[in-house]
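Order of appearance sets the numbers: ligands from 1, and atoms from 1 within every ligand.
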Amino acid sequence: MSFDPASFRAQFPIFAAPTPGPALHYLDSGASAQTPRHVIEAFAHHDATARANVKRGVHRLAEAATEAYETARLAAARYLNAPSPREIVFTGGTTGAINLVASSFGALMAKGDEVLLSVLEHHSNIVPWQLLQARRGIVLKVIPATVDGRLDLDRLDGLVGPRTRLVAVTHCSNVTGALTDLGRVVAAAAAVGAKVLVDGAQRAPHGPVDVQALGVDFYAFSGHKAFGPNGIGVLWGRAPLLDAMPPFMGGGEMISHVSFAGSSWAPIPNKFEAGTPPIAPAVGLGTALDWLAGLDWSAILAHELRLTGRILDGVARLPGSRILGPAGLQQRLGVVSFALDGLHPHDVCQLVDATHGVALRGGHHCAQPLMESCGLVGTVRASLAPYNDDGDIDALLDGLAAAVRQLRA
Ligand code: PLP
């Protein structure tokens with residue numbers, strides 16, 4: 001297999017869509033990736049040909065919709081190498097998945113039990129645990145970051161202990177792009193009998209994941225960052241854990257029997273999928289995951305890292321720039337955040353968009369604890385996907401140089 005960025009890019013209608021102003025250079029895939037034509041078509045085709053509710057009707061459309069939905073679950077299980085599709089719960093996204101675990105796995109925790117997070121976490125892997133802390137009196141501990149924006153895993157042994165129930169960390173930081181050495185996290189957690197939850201929002205879009213090889217217990221990611229639709233996400237959890245956890249939400253289709261004397265729950269995964277799920281989005285996501293699984297990821301990652309190297313070099317040459325995260329290309333993905341002395345990230349992003357058509361993200365990236373630990377209110381962030389090319393990086397670096405000149409004039 002090989003990788004041709006131009007033909008890959010041609011699969012995405014957004015790049016041919018008419019746009020006011022300069023041509024689009026989309027460097028915000030860490031926030032939401034663009035969607036290829038065939039995924040949009042799969043989503044629309046489902047609603048055009050098999051729209052009905054799932055898991056309940058017996059007419060042919062209901063059966064077709066249920067089959068399509070369960071086929072998507074199989075695709076998610078394959079993508080994560082989950083031992084069984086029963087372990088795949090469709091959620092609204094990474095946020096929904098982590099809130100589910102915080103609520104339902106958290107319900108099994110007692111006052112004084114500990115959850116270990118890291119300073120690199122997105123707010124979606126911080127705030128649900130703070131809500132649990134308020135409800136159940138658990139204790140939150142935090143792994144600090146190294147100077148190059150990685151989890152400081154040398155601190156792990158001192159932070160886990162007999163009360164640690166869960167270590168919940170990101171697979172790839174949405175600010176620094178650093179990949180986490182999950183092997184060390186799993187070993188430290190196993191030593192004290194704790195479970196490991198991984199926020200895979202930034203990693204899952206960059207090729208299949210093997211949850212069995214990683215040895216983790218929960219894995220969460222979002223469809224919209226993985227070239228799929230909005231409103232759908234995946235939680236994978238080991239069956240014995242999911243079986244032991246109480247439901248997250250109550251409603252239709254998550255029950256075995258309901259009476260006013262009490263109710264009982266459906267087996268997993270239905271126990272965690274109350275109400276009508278996002279059906280067409282699941283179909284779209286399944287299509288996206290099967291397609292992602294068939295790509296040549298070693299060629300794609302080489303392409304993305306070459307572009308990442310160009311961004312790192314170009315930004316380092318800007319006067320007064322500071323890159324948050326690894327300066328090199330080892331153990332990282334194509335997410336580059338940087339501050340520009342004296343300039344607000346929003347001003348930079350608006351100007352670079354207006355003058356050069358470059359879509360960037362500026363702000364705290366839902367990672368305020370990390371920003372505070374770096375003494376910053378925010379950064380500019382460029383995040384890559386395989387459809388990016390040298391033209392995007394040229395536009396970014398020209399746009400940044402022009403913005404710096406104009407804003408500092
Ligand atoms: N975790 C990380 C690392 C993220 O980058 C994001 C989104 O930016 C999330 C969680 C939340 O994802 P969502 O808003 O799709 O639930």
message: salt bridge (Lys or Arg N to Asp or Glu O under 4.0 Å), that's the test. Do Asp154 and Arg184 meet it? Break it down for me.
response: CA-CA 9 Å; Asp154 291 340; Arg184 285 184 71 185; 2.9 Å; yes
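- For Arg306, the salt bridge (charged side-chain N to carboxylate O under 4.0 Å, His left out) test picks out Asp390, with sequence neighbours left out.
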Check each N or O atom of ligand 1 against all protein N or O atoms and list the pairs under 3.5 Å, with atom names and distances to 0.1 Å, one per line.
residue  : atom   : partner : partner atom : Å
ligand 1 : 1 (N)  : Asp199  : OD1          : 3.2
ligand 1 : 1 (N)  : Asp199  : OD2          : 2.5
ligand 1 : 5 (O)  : Gln202  : NE2          : 2.7
ligand 1 : 8 (O)  : His122  : NE2          : 3.4
ligand 1 : 8 (O)  : Lys225  : NZ           : 2.5
ligand 1 : 15 (O) : Ser222  : OG           : 2.6
ligand 1 : 15 (O) : His224  : NE2          : 2.7
ligand 1 : 16 (O) : Thr94   : N            : 3.4
ligand 1 : 16 (O) : Thr95   : N            : 2.8
ligand 1 : 16 (O) : Thr95   : OG1          : 2.6

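- Classification of the His364-His123 ring pair by plane angle, with boundaries at 30° and 60°, yields tilted.
- Applying the side chain to side chain contact (heavy atoms under 4.5 Å, CB included) rule to Ala82 yields the partners Ala77, Glu87, Ile88, Trp236; only residues at least two apart in sequence or on another chain are considered.
- The side-chain hydrogen bond (donor to acceptor under 3.5 Å, both in side chains) pairs that include a residue from residues 202-227 are Ser32-His224, Asn81-Asp210, Thr94-Ser222, His171-Tyr219, His206-Glu304, Asp217-Arg238, where partners are two or more places apart or lie in different chains.
- Comment: Asp394 engages Arg310 in a salt bridge, judged by a side-chain N to carboxylate O separation of less than 4.0 angstrom.
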